[in-house]
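Have a look at the structure below before the remarks.
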Amino acid sequence: MVWYEAMDRRAFLKTSTLSLVAAGFAPFLVGNTGATANDLDRATFTRLLDSWFRVEAGGAGSLALVAISDGPPSRQLEQFTLRFRGSAGQPLADGLYALRSEHGDTYSLFLQNAGSEGGDAAYTAAFSLVRPLSVASCGRA
């Protein structure tokens, strides 16, 4: 037998509103943790092209964002791949890394080893982002 306490509509609305307000203020209470998921789009990284990122874990050094290539065209997805160049002396294994940009923003990216280019190690980070639906695409005016 499952026991639960019934909640009337007024109590539910009051509790849920307070929870939403608290959740909205939570980022300000704990501080800025860097980039959000909304910052991980092609436009953000286009502005960061040819800049350096410090790999935060294990003192692994720095990586330069050297190229951005588009994936297959899609109305529902934004697909692109970032290409980084770094020191071949400390190669990174495939995995999730926190990269801090020259501007101080931190991005958590899954990097894959892509071999070497001209004596430097190469890494890629692939993105396949769902684009938000617009009112027009839903058939409403």
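The figures here come from the full heavy-atom set of this structure, side chains too, leaving out hydrogens, waters and symmetry mates.
Tyr97 and Val66 fall into different hydrophobic clusters, defined by Ile, Leu, Val, Met, Phe, Trp and Tyr side-chain heavy atoms under 4.5 Å apart, directly or through other members.
Residues passing the salt bridge (Lys or Arg N to Asp or Glu O under 4.0 Å) test with Asp94, sequence neighbours excluded: none. Shown here are the side-chain contact (heavy atoms from CB on, under 4.5 Å) partners of Ala43, two or more places apart in sequence or in another chain: Asp41, Arg47. In this structure, the side chain to side chain donor-acceptor pair (under 3.5 Å) partners of Asp70, at least two apart in sequence or on a different chain, are Arg42. For Glu117, the salt bridge (Lys or Arg N to Asp or Glu O under 4.0 Å) partners are Arg83, not counting sequence neighbours. Thr81 meets the side-chain contact (heavy atoms from CB on, under 4.5 Å) test with Ser69, Thr124, Ala126; sequence neighbours excluded. Among residues two or more places apart in sequence or in another chain, the side-chain contact (heavy atoms from CB on, under 4.5 Å) test is passed with Leu49 by Leu65, Ile68. Contacts of Phe127 classified as ring-ring contact (aromatic ring centres under 6.0 Å, His included), with partners at least two apart in sequence or in another chain: Phe45, Phe80. Residues forming a side-chain contact (heavy atoms from CB on, under 4.5 Å) with Ser116 (at least two apart in sequence, or on another chain): none.
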Working note: Val130 + Leu77, criterion side chain to side chain contact (heavy atoms under 4.5 Å, CB included); need CA distance, chi angles, decisive distance, verdict. CA-CA 5 Å; Val130 177; Leu77 300 173; 4.0 Å; yes
Residues Arg54, Leu63; criterion side chain to side chain contact (heavy atoms under 4.5 Å, CB included); working and verdict: CA-CA 6 Å; Arg54 177 91 181 131; Leu63 300 176; over 6 Å; no
If you apply the rule side chain to side chain contact (heavy atoms under 4.5 Å, CB included), what do you find for Leu82 with Tyr123, and how did you get there? CA-CA 8 Å; Leu82 305 178; Tyr123 304 95; over 6 Å; no
Applying side chain to side chain contact (heavy atoms under 4.5 Å, CB included) to Leu96 and Ser108, what does each step give before you reach the verdict? CA-CA 7 Å; Leu96 188 64; Ser108 293; 4.3 Å; yes
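Residue Arg100 holds its CZ atom at 8.5 Å from CG of Asp105, rounded to the nearest 0.5 Å. Separating the CG atom in Leu92 from the CD atom in Gln112 is a distance of 12.5 Å, to the nearest 0.5 Å.
Of all non-hydrogen atoms in Ser87 and Ala121, the two that sit nearest each other are O-CB, 3.8 Å. Residue Ala88 comes nearest to Gly119 through the heavy atom pair CB-O, 3.2 Å, listed as atom of the first residue, atom of the second, then distance. Closest approach of Leu111 to Ala125, counting heavy atoms only: CD2-CB, 4.0 Å. Heavy atoms only, all atoms of each residue included: Ala98 and Thr106 are closest at CB-CG2, 3.9 Å.
Looking at Glu102, its side chain does come within 3.5 Å of a backbone N or O of Trp52 through a donor-acceptor pair.
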